[in-house]
Amino acid sequence: MFRIIIRNAARRGSAKPSHVKFPGVIYSGVSNSGVKGRSLSTPAAASTRVSAPPVRKSTTTARENKKSKKNLVVLGSGWGAVSLVRSINPSQYNVTIISPRNFFLFTPLLPSATTGTVEYNSITESISGILAKESSKSLAEDSYSRYLEARATKIDYTNKSVAIEDITTHEEHSVPFDYLVIAAGATTSTLNVPGVKEHGLFLKEIDDSRKIRARVANWINSGKGTSLQAVVVGGGPTGVEVAAELQDLFEEDIKKRIPDAGPDTFKVSLIEAMPSILNSFDKRLRKFATLQLQKDHINLLTNTAVEKITDKTVYAKAKTVLPDKSESVEAIEIPYNMLIWATGITTHQFIREFMSTIPEQKDSKRGVLINDDMSVKGVADVWAIGDCTSSKYPATAQVATQQGTYLGTTLNQLATVTEAPDSTTTSTSIAPFEYHHKGSLAYVGGNRAVADLQLWSDGKMSSMGYFTYWMWRVAYLSMFVPAQNRFLVAADWLRVKLFGRNINTI
Ligand SMILES: Cc1cc2nc3c(=O)[nH]c(=O)nc-3n(C[C@H](O)[C@H](O)[C@H](O)COP(=O)(O)OP(=O)(O)OC[C@H]3O[C@@H](n4cnc5c(N)ncnc54)[C@H](O)[C@@H]3O)c2cc1C
């Protein structure tokens, strides 16, 4: 059996059984000439684009259709999925969230959690809590949502069902859908470098962070005579932040416990294949970040491409640009006993398999190809948002959140389209998704941060240093929706300031 949470806003206690099949609701749209913008295909209209999904004929009356609700299945419980759930009208859909993770994770503070600067509870929010809150906002009698703690293993868009595996029992089940939203994120890319899977630690989920924390705690508790040689691969925001947090831990806490600890005892190396770290940031900020990391004694190796990893050594090629602009390449070996791999993302296997069955998806190099309205190219009634997609936008929480909000609003609009009296199927107009970049922030250690801010459409502002560090903190606090998380994170920061970090293997 699944561990499921069913929320029924008005009739609590009258929850539906976990494997209930929602009545198939047939959709037919009428044109909504009042809304300007692009055309979002209705299921029937979209089915003219593809041969696979069967066109289902309408049998319901307009009144029944209005009362009935579509079965909306959402894969994922991350930034995209949660912002979608927060903007969808629960009285218009039967919402099922499927995800192996029963909580939302505030990923920007995951590097801080790795060293105990914030605690895991502070940066997570339970999915059942989010669903309960959203359902309670709905005054509708039949508001219904549920969460299945499972991972999707196969999307069968022809028969409109998702195969899932219960993460506790490993039982397999099939969940039918009328509409499907894929918001399952992505997985860490190893760039096919030999040895990464076997020897590397990643930083994508809480469990990854716990492993790094445990490694550091075990080293601290192992007593004198041992050293921690941490190597972080990837000079993007995640790699820079985790390297900076590790060095902060050493400077602010470990040195107090082990007074004679020096660079031989604890060393953080940050490896980046490009000439600079934080490549998406302004040049001045990149320079500031580089100087800050070096000032904090982080061994920064840019222009260095990792080729192979064994259990104790990172093998890399370091490129040097000589004064005459020619290049020399040197093979280097970096000893390590903790390797953190933070080099980017790649598509989940089950999503790749789904894409491989759709001719329109075959050319995608990264993730699911989507239209401007987030609908998946080549299939009807399936949308995708966030890191699992291939689009012109970066793979960030900001993009996933805005896409989730947009899609929630779009689906609300779609749900209000009722069957035309003459049963003709047309389409409703939906404005295409527009991304509004608000800026990028990164913590670079020693209570310093960098920020590339987008103040208005063409107005950018770069900011760096101690003031920016406080801005970084305030910005992240304000991004938490529940006040409880804001309070917990602020309390963690205060606790660390007063008493230091609590590094243990709990
Ligand atoms: C350490 C770190 C720091 C970051 N910092 C920032 C930052 O400061 N600013 C920023 O904008 N972005 C940041 N990002 C990137 C940001 O977290 C991602 O872009 C964002 O999470 C993408 O949202 P998403 O909803 O697409 O995927 P996620 O938030 O990754 O959510 C994916 C969800 O899908 C679930 N899932 C996985 N497999 C399956 C399956 N088979 N079936 C069903 N569900 C599945 C997962 O459990 C998860 O709940 C950071 C990322 C990391 C790892």
Side-chain angles (χ1 to χ4, degrees), residues 109-120 199-203 208-235 238-272 277 289-302 304 306 309-314 316 332-342 442-449 466 469 492-506:
L109 287 180
L110 194 56
S112 304
T114 300
T115 56
T117 308
V118 294
E119 286 306 328
Y120 297 122
H199 308 295
L201 298 170
F202 302 100
L203 189 55
D208 300 328
S209 172
R210 276 191 205 283
K211 283 182 194 156
I212 300 171
R213 216 201 250 208
R215 203 63 86 81
V216 177
N218 287 339
W219 169 71
I220 293 173
N221 295 325
S222 64
K224 286 192 166 189
T226 58
S227 69
L228 186 70
Q229 306 287 325
V231 170
V232 180
V233 183
T238 301
V240 167
E241 288 187 344
V242 74
E245 291 281 357
L246 283 169
Q247 195 65 33
D248 280 1
L249 170 72
F250 177 67
E251 299 295 337
E252 294 167 14
D253 294 284
I254 294 175
K255 273 185 171 175
K256 284 183 197 150
R257 291 196 211 177
I258 315 171
D260 54 350
D264 293 342
T265 320
F266 187 94
K267 184 173 174 187
V268 179
S269 300
L270 177 62
I271 302 179
E272 165 58 46
I277 53 165
T290 301
L291 292 175
Q292 180 64 36
L293 295 182
Q294 287 169 340
K295 191 174 137 218
D296 287 346
H297 309 295
I298 290 175
N299 177 29
L300 187 56
L301 302 162
T302 50
T304 303
V306 174
I309 286 159
T310 61
D311 59 343
K312 292 194 179 96
T313 311
V314 174
I332 59 169
E333 294 177 15
I334 308 144
Y336 78 92
N337 49 22
M338 181 170 80
L339 178 92
I340 301 171
W341 191 263
Y443 179 63
V444 295
N447 296 343
R448 303 288 184 274
Y466 185 66
Y469 159 71
D492 286 342
W493 285 336
L494 182 65
R495 174 182 49 77
V496 166
K497 202 90 234 135
L498 295 176
F499 309 111
R501 293 169 181 82
N502 184 15
I503 277 281
N504 51 44
T505 50
I506 294 171

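In what follows, residues are counted from 1 in the order of the sequence shown.
Using modelled atom types, one side-chain atom of N337 and one backbone atom of S227 make a donor-acceptor pair closer than 3.5 Å. In this structure, D492 contributes its side chain and E119 its backbone to a donor-acceptor pair below 3.5 Å. Here the side chain of N299 pairs no donor or acceptor atom with the backbone of V268 at under 3.5 angstrom. The main-chain N or O of I220 is never found under 3.5 Å from a side-chain atom of S222 such that the two would form a donor-acceptor pair.
Listed by chain and number, the residues in a ring-ring contact (aromatic ring centres under 6.0 Å, His included) with F250 are F266 (sequence neighbours excluded). Legend: residues meeting side-chain hydrogen bond (donor to acceptor under 3.5 Å, both in side chains) with T114, ordered by chain and number and at least two apart, are S209. For E251, the side-chain hydrogen bond (donor to acceptor under 3.5 Å, both in side chains) partners two or more places apart in sequence, or in a different chain, are Q247, K255.
Listed here is the closest heavy atom pair of V444 and Q292: O-CG, 3.5 Å. A316 approaches T304 most closely through the heavy-atom pair CB-CG2, 3.6 Å. Minimum interatomic distance between Y336 and T313 (heavy atoms only, all atoms of both residues): CE2-N, 3.3 Å. Closest approach of R257 and R501 over heavy atoms only: NH2-O, 3.6 Å. When all heavy atoms of K497 and N447 are compared, the pair lying nearest together is NZ-ND2, 3.9 Å. Closest heavy-atom contact between G234 and E272: C-OE1, 3.8 Å.
Checking L201, V242, L339 one by one against V232, the side-chain contact (heavy atoms from CB on, under 4.5 Å) holds for a single residue, V242.
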List the steps and the verdict of side-chain contact (heavy atoms from CB on, under 4.5 Å) for I334 and L301.
CA-CA 11 Å; I334 308 144; L301 302 162; 3.8 Å; yes

Could you walk me through whether M338 and L246 pass the side-chain contact (heavy atoms from CB on, under 4.5 Å) check?
CA-CA 12 Å; M338 181 170 80; L246 283 169; 4.0 Å; yes

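For the pair D248 and Y443, the minimum side-chain heavy-atom distance is below 4.5 Å. Side-chain contact check for V231 versus V233: some heavy-atom pair is nearer than 4.5 Å.
From L293, atom CG reaches atom CD1 of I277 across 4.5 Å, with rounding to the nearest 0.5 Å. Taking CD1 of I254 as the start and OG1 of T265 as the end, the distance is 10.0 Å to the nearest 0.5 Å. Here the CD1-CG distance, from I212 to L203, works out to 5.0 Å after rounding to the nearest 0.5 Å. In this structure, the separation between CH2 on W493 and CG on L109 is 5.5 Å, given to the nearest 0.5 Å. Residue K267 holds its NZ atom at 12.0 Å from CG of L228, rounded to the nearest 0.5 Å. Separation of atoms CH2 (W341) and CD1 (I271) is listed at 8.0 Å; rounding is to 0.5 Å.
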